[in-house]
Amino acid sequence: MVPPEWTRIFQNEAKDLEQGDVWCLEFDYFIRPENPEQGWKEYIRSTSAWFTCAQCGRCWPSNRVMVFFHMRLMDRQGIVKVRPFRQNCKKCNNAPMEEPSIASNNISILLKNLVKKIRIKCYNERPENDNRYFVRYDVRSHHEPDHCEACIEGVCTREFPQSSDPMKSL
């Protein structure tokens, strides 16, 4: 299920896409990074988010939260599948992977950049490159690969500098 905030922001950003095309957004935790199905395009981004452990209540920020998008336009129907990668608590044994809590402004930036990528990959447009950067958090500890779902699956970016091009796929 897509959180209502994501749907609202995406519909607002996608409203200016090709007249008559209908786009929808869905969360899909089974899409595989760097392996989209036939006819699908991929877009990969890193953002900042907070996590909360369901076991102990501990909260932590991360500036390395991977979000994968697979998109397809067919017969004037566009679909975007979204997979945000999770993290788990480093202090609890057998802690479950937790969903990232991404702030509205970072969701908006993610989806603005996604719509630009849709314009490039699905409509062959060349939109202006007005770089949009995420609000980063003051993170006091290093990224923990053993507690990052994207690292465990081998797709987490080790370095993602603030000055990098947000439109570039990894």
Side chain proximity check, [X] to [Y], heavy atoms < 4.5 angstrom:
X: Glu26; Y: Ile79; result: yes
X: Glu125; Y: Ile118; result: no
X: Asn113; Y: Tyr43; result: yes
X: His143; Y: Cys148; result: yes
X: Cys89; Y: Glu98; result: no
X: Val155; Y: Arg32; result: no
X: Met66; Y: Ile44; result: yes

Establish, from distance only, whether the side-chain atoms of Asn63 and Ser48 form a donor-acceptor pair under 3.5 Å.
->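 Side-chain D/A pair, Asn63 to Ser48: present.
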Judged by modelled atom types alone, do His147 and Gln87 share a side-chain donor-acceptor pair under 3.5 Å?
->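 There is no such pair between these side chains.
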First locate atom [atom1] of [X], then atom [atom2] of [Y], and finally report the distance between them rounded to the nearest 0.5 Å.
X: Met74; Y: Gln77; atom1: CE; atom2: CD; result: 10.5 Å
X: Arg119; Y: Leu114; atom1: CZ; atom2: CG; result: 11.5 Å
X: Ile9; Y: Lys112; atom1: CD1; atom2: NZ; result: 9.0 Å

Sorted by first residue and then second, give each ring pair (Phe, Tyr, Trp, His ring centres under 6.0 Å) pair with at least one member in residues 74-124; sequence neighbours left out.
->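 For residues 74-124, and leaving out neighbouring residues, the ring pair (Phe, Tyr, Trp, His ring centres under 6.0 Å) pairs sorted by first residue read Phe68-Phe85.
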If a pair satisfies salt bridge (charged side-chain N to carboxylate O under 4.0 Å, His left out) and one of its residues is in residues 71-84, list it, with sequence neighbours excluded.
->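 Only Asp21-Arg76, Asp28-Lys81, Arg83-Glu149, Arg83-Glu153 qualify under salt bridge (charged side-chain N to carboxylate O under 4.0 Å, His left out).
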Shortest non-hydrogen contact from [X] to [Y]?
X: Ala95; Y: Asn88; value: O-ND2, 3.2 Å
X: Val67; Y: Leu110; value: CG2-CD1, 4.1 Å
X: Leu111; Y: Phe10; value: CD1-N, 3.6 Å

Tell me if a side-chain donor or acceptor on [X] pairs with a main-chain N or O of [Y] at a distance below 3.5 Å.
X: Gln11; Y: Trp23; value: yes
X: Lys15; Y: Asn12; value: yes
X: Asn106; Y: Thr47; value: no

Go through the structure and list residues passing salt bridge (Lys or Arg N to Asp or Glu O under 4.0 Å) with Lys91, not counting sequence neighbours.
->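 Applying salt bridge (Lys or Arg N to Asp or Glu O under 4.0 Å) to Lys91 gives none.
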Does Arg140 have any salt bridge (Lys or Arg N to Asp or Glu O under 4.0 Å) partners at least two apart in sequence or in another chain, and if so, which?
->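 Checked Arg140 against salt bridge (Lys or Arg N to Asp or Glu O under 4.0 Å); matches are Asp138.
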Could you go through residues 49-57 and list every donor-acceptor pair under 3.5 Å that involves a side-chain atom there, pairing it with any protein atom two or more places apart or in another chain?
none

Could you check whether the rings of Phe27 and Trp6 sit parallel, tilted or perpendicular, using 30° and 60° as the cut-offs?
->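 The arrangement is perpendicular - the two ring planes meet at more than 60°.
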All side-chain hydrogen bond (donor to acceptor under 3.5 Å, both in side chains) counterparts of Trp40, not counting sequence neighbours =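 So Trp40 forms no side-chain hydrogen bond (donor to acceptor under 3.5 Å, both in side chains) with any residue.
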Common cluster, Phe69/Leu73, ILVMFWY with side-chain heavy-atom separation under 4.5 Å =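 Looking at the clustering, Leu73 is in the same group as Phe69.
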